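In what follows, a structure is listed as structure tokens, so that the remarks can point back to it.
Please read all numbers here as calculations on a predicted model, not as lab measurements.
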Number of protein chains: 2
Amino acid sequence: MYTIVDVAKYCGVSTATVSMALNNKGRLSPATRAKVLEAVDKLGYVYNQTAANLRNNESNQVGLLLNDITNPFYSELTLSLNQEMELHNKMLFLANSEDSPERQRRIIESFISHKVGGMVICPALGLDLDFLVTLKRRQIPVVLAVRNLEIADYDFVGTDNFQGARLITQHLINLGHRKIAFLGGMQGSKTRANRLAGYISVLLENDINLETKYSFTCESNRKASEIMMNGILDHYPEITAVICYQDIVAFGAMRALHTRNINIGKEIALTGFDDIPEAADTHPELTTISVSAKEIGRKAGEVLLKRIHGNTENPQHIIIPPTLIIRHSCGS
Amino acid sequence: MYTIVDVAKYCGVSTATVSMALNNKGRLSPATRAKVLEAVDKLGYVYNQTAANLRNNESNQVGLLLNDITNPFYSELTLSLNQEMELHNKMLFLANSEDSPERQRRIIESFISHKVGGMVICPALGLDLDFLVTLKRRQIPVVLAVRNLEIADYDFVGTDNFQGARLITQHLINLGHRKIAFLGGMQGSKTRANRLAGYISVLLENDINLETKYSFTCESNRKASEIMMNGILDHYPEITAVICYQDIVAFGAMRALHTRNINIGKEIALTGFDDIPEAADTHPELTTISVSAKEIGRKAGEVLLKRIHGNTENPQHIIIPPTLIIRHSCGS
DNA sequence: CTGAAAGCGCTTACAG
DNA sequence: CTGAAAGCGCTTACAG
């Protein structure tokens, strides 16, 4: 593996000259520059970006911390953040917290140790806030995505969960539903609290009696929600509509319904949240709330980049408005 | 941001001592070690891994190059590779080629520039092989995943596409189908060629006339395959079964079928390939070939790690055998 | 058991 | 227009 010294020797110039040729800086004669570039090509020299970063006290790496890359919502976010970073010649470290606060902490420390210039974090549930405060002191730009932490001094990009839930609840009420369940999300999740609040607020506005027993928590995977949905069917046959916390949760619920040969859309209405691509593949296709993961990823990248370049405005909260996507799972 | 020098000054020791304390190396008196560690804690010093890497001429970063992180098959692979890397304290760079050979080239060069210790690559279609040969000369470990390139001297982890296609084709024939189409994949894809060969070989073995017009290419997304499926229905109404190149392709085909109110499983049989989680969410659930993306990711990580640690055995080709998953899209 | 010094591969301020 | 030298934050072989 050649270094800048080898290239310099090969051309009979100094390493300073090679460096300047490589970075297109300083005033080199075109002839010298050409000679160097040719040597680079001939030797197959490859620039050591990490050495340059060390010397310049810079970084062109950013970290992305997710809970579950396997969730299509997050993989779309990853893609668009990645595209944004590529445009600005930054590399992306990817890590998965799997919703473990301890693991998340380790990962963030690892990001710092690896000298990221900034990071976007989808916080794990139960993350201790003290840690984030010390993180802030490190002066490294952090933007929170998807899940907000209500820590005033962090940038955040996400959606309006309260509003999204309102949209979908009102839609069901307009269709005549009165016994509406809310299924999914974990106890203690801020996101869930907001969606639940949206659902409740619309119920109240419409003078519908709030039955707290109609809201159910479950893990965000198909298996867990399938089991829960079966429980709902067994114990609350009066329910005519269920608002699922996420599309993934709705998929699990659908399994339970299909197994029992219950006609979704006719006998029961079902809704999701996120509008991942798969939501249009189910049968019936899922009525859901669209939250553009792509847009969140892009915006988060944009904000992060600005911070990395020294922007010190007050923290921004960018809210991508959710929209109602009507398909066939509430009738058609 | 403190450095090792600050910590050393704070404790009144040399930087060598701090370094040794940090790495648990050398013979330091427990008292000194404790003093250093305490200072680290107090100052909030964080280790600069990149500086250490430069000095040691090591790396604890690996690169993962994918075509489409948005495809659930690849996100599962990413997750399991990531887990494997985390176990060994390596960070993962993620990049998306979006199947552009030129972009892929840029990314690989960027990986090298950022001093990855190795990389796993799912090659983009149409990658020029010369480039891979020069890559080989750089001595940096590379393992190919999912798509093989038939370059003898690279490690590869993937599945047996030929065998998988044979499994599913035989299944359809056993169910009585004779007019079987093959839908999807791009011209020039090695993977497609192998699956197509499996399909053809079983047809021939069963004395079924091979109709070359029954095989169709299309991009691996829902929209493209929906359009193609509509074409098939319009022009070849005699077809009773279609083998889709991937689950994603099958999802698009399902859309076309649902739109036309054709009963999947009864009027037409449909199969996928990959067994991504969503394959069990469709209605009817998709009969498909299971290829464990998790297993591929894990194994690829394992092989890469061995290479990084200096293993110089001959290149390995690890084939994860595919299995047939019978659900309801071919009748039940 | 601990310190002084060289060096990993770059860049840049300073001379010339 | 180009070179010699110092320094980014580490580690390790060598002294003591």
Side-chain angles (χ1 to χ4, degrees), chain A residues 1-37 39-40 43-61 89 109-110 112-117 138-140, chain B residues 1-37 39-40 43-61 89 109-110 112-117 138-140:
Chain A
M1 216 71 167
Y2 297 107
T3 75
I4 221 179
V5 177
D6 301 306
V7 178
K9 267 189 202 137
Y10 185 91
C11 308
V13 300
S14 76
T15 58
T17 303
V18 176
S19 174
M20 286 156 99
L22 253 21
N23 293 297
N24 236 306
K25 264 188 201 164
R27 305 115 304 164
L28 291 188
S29 73
T32 317
R33 187 183 304 282
K35 190 170 60 175
V36 171
L37 264 20
V40 161
L43 295 178
Y45 161 81
V46 356
Y47 186 67
N48 185 334
Q49 181 70 55
T50 63
N53 284 347
L54 175 61
R55 165 60 223 234
N56 294 336
N57 196 22
E58 288 182 355
S59 159
N60 53 0
Q61 289 142 218
N89 278 308
E109 264 155 8
S110 193
I112 298 177
S113 224
H114 283 85
K115 293 274 135 188
V116 297
R138 297 251 194 282
Q139 305 276 38
I140 122 152
Chain B
M1 215 73 166
Y2 296 107
T3 74
I4 220 179
V5 177
D6 302 306
V7 179
K9 266 189 202 135
Y10 186 91
C11 307
V13 299
S14 76
T15 59
T17 304
V18 176
S19 175
M20 287 156 96
L22 253 20
N23 293 296
N24 237 307
K25 265 187 201 165
R27 304 114 306 164
L28 291 187
S29 73
T32 316
R33 185 183 306 283
K35 189 170 57 175
V36 171
L37 264 19
V40 161
L43 295 177
Y45 160 81
V46 357
Y47 186 68
N48 185 334
Q49 181 70 54
T50 64
N53 284 346
L54 175 60
R55 164 63 223 235
N56 294 337
N57 196 21
E58 289 182 351
S59 159
N60 53 0
Q61 288 143 220
N89 278 306
E109 263 154 8
S110 194
I112 299 178
S113 223
H114 283 84
K115 293 276 135 184
V116 297
R138 298 251 194 283
Q139 305 277 37
I140 122 152

Side-chain N or O of [X] less than 4.0 angstrom from OP1 or OP2 on [N]?
| X | N | answer |
| --- | --- | --- |
| K25(A) | dT11(C) | no |
| N23(A) | dT11(C) | yes |
| T17(A) | dG3(D) | yes |

Could you check whether any side-chain heavy atom of M1(A) comes within less than 4.5 Å of a side-chain heavy atom of I112(B), counting everything from C-beta outward?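 Yes, side chains in contact.
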Do the side chains of T17(B) and R33(B) get nearer than 4.5 Å, heavy atoms only?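 Side-chain contact under 4.5 Å: no.
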So if I take every side-chain heavy atom of [X] and compare against [options], which nucleotide ends up nearest?
| X | options | answer |
| --- | --- | --- |
| M20(B) | dC10(D), dT11(C), dT2(C) | dT2(C) |
| R55(B) | dG9(D), dT2(D), dG3(C) | dG9(D) |
| L54(A) | dC8(D), dG3(D), dT11(D) | dC8(D) |
| T32(B) | dG9(C), dC1(C), dT11(D) | dC1(C) |

Regarding [X] and [Y], do their side chains bring together a donor and an acceptor under 3.5 Å, going by distance alone?
| X | Y | answer |
| --- | --- | --- |
| S113(B) | S110(B) | no |
| T32(A) | S29(A) | yes |
| N60(B) | H114(A) | yes |

Strand-adjacent residues in residues 43-51 of chain B, judged by heavy atoms under 4.0 Å from DNA chain C: none
Classify the nucleic acid contact of A16(A) as base, sugar-phosphate or nothing, counting any heavy atom under 4.0 Å across all strands shown. base
Could you tell me whether N57(A) contacts a base, only the sugar-phosphate backbone, or nothing, with contacts defined as non-hydrogen atoms closer than 4.0 Å? nothing
Taking atom NZ as the centre, does K9(A) end up with more than 12 heavy-atom neighbours from other residues, nucleotides or ligands that are less than 6.0 angstrom away? no
Quick one, T3(B) with N48(B), criterion side-chain contact (heavy atoms from CB on, under 4.5 Å). Give me CA distance, side-chain angles, the key distance, then yes/no. CA-CA 8 Å; T3(B) 74; N48(B) 185 334; over 6 Å; no
Report yes or no: does D6(A) contribute a side-chain atom to a donor-acceptor pair with the main-chain N or O of Y2(A) at less than 3.5 Å?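 Looks like no, no N/O pair under 3.5 Å.
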Taking the side chain from T15(A) and the backbone from V5(A), do they hold a donor-acceptor pair closer than 3.5 Å?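 Looks like no, no N/O pair under 3.5 Å.
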Can you tell me how far [atom2] of [N] sits from [atom1] of [X], to the nearest Å?
| X | N | atom1 | atom2 | value |
| --- | --- | --- | --- | --- |
| K115(B) | dC10(D) | NZ | C1' | 16 Å |
| N60(A) | dC8(D) | CG | P | 20 Å |
| N56(A) | dA13(C) | CG | C1' | 13 Å |
| E58(A) | dT11(C) | CD | C1' | 10 Å |
| L28(A) | dC1(D) | CG | P | 9 Å |
| N53(B) | dC10(D) | CG | P | 12 Å |
| H114(B) | dC8(C) | NE2 | P | 22 Å |

Full working for side-chain contact (heavy atoms from CB on, under 4.5 Å) between V36(B) and L28(B): CA-CA 11 Å; V36(B) 171; L28(B) 291 187; 5.8 Å; no
Distance col, row T50(B):OG1 vs Q61(A):CD, nearest 0.5 angstrom, shows 7.5 Å
Got a second to check how far I4(A)'s CD1 is from L22(A)'s CG, nearest 0.5 Å?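 If we round to the nearest 0.5 Å, I4(A):CD1 and L22(A):CG are 6.0 Å apart.
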For DNA chain D, stems built from three or more consecutive Watson-Crick or G-U wobble pairs below 3.5 Å: C:1-3 with D:14-16, C:5-12 with D:5-12, C:14-16 with D:1-3
Strand-adjacent residues in residues 1-13 of chain B, judged by heavy atoms under 4.0 Å from DNA chain D: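 Those residues are T3(B), I4(B).
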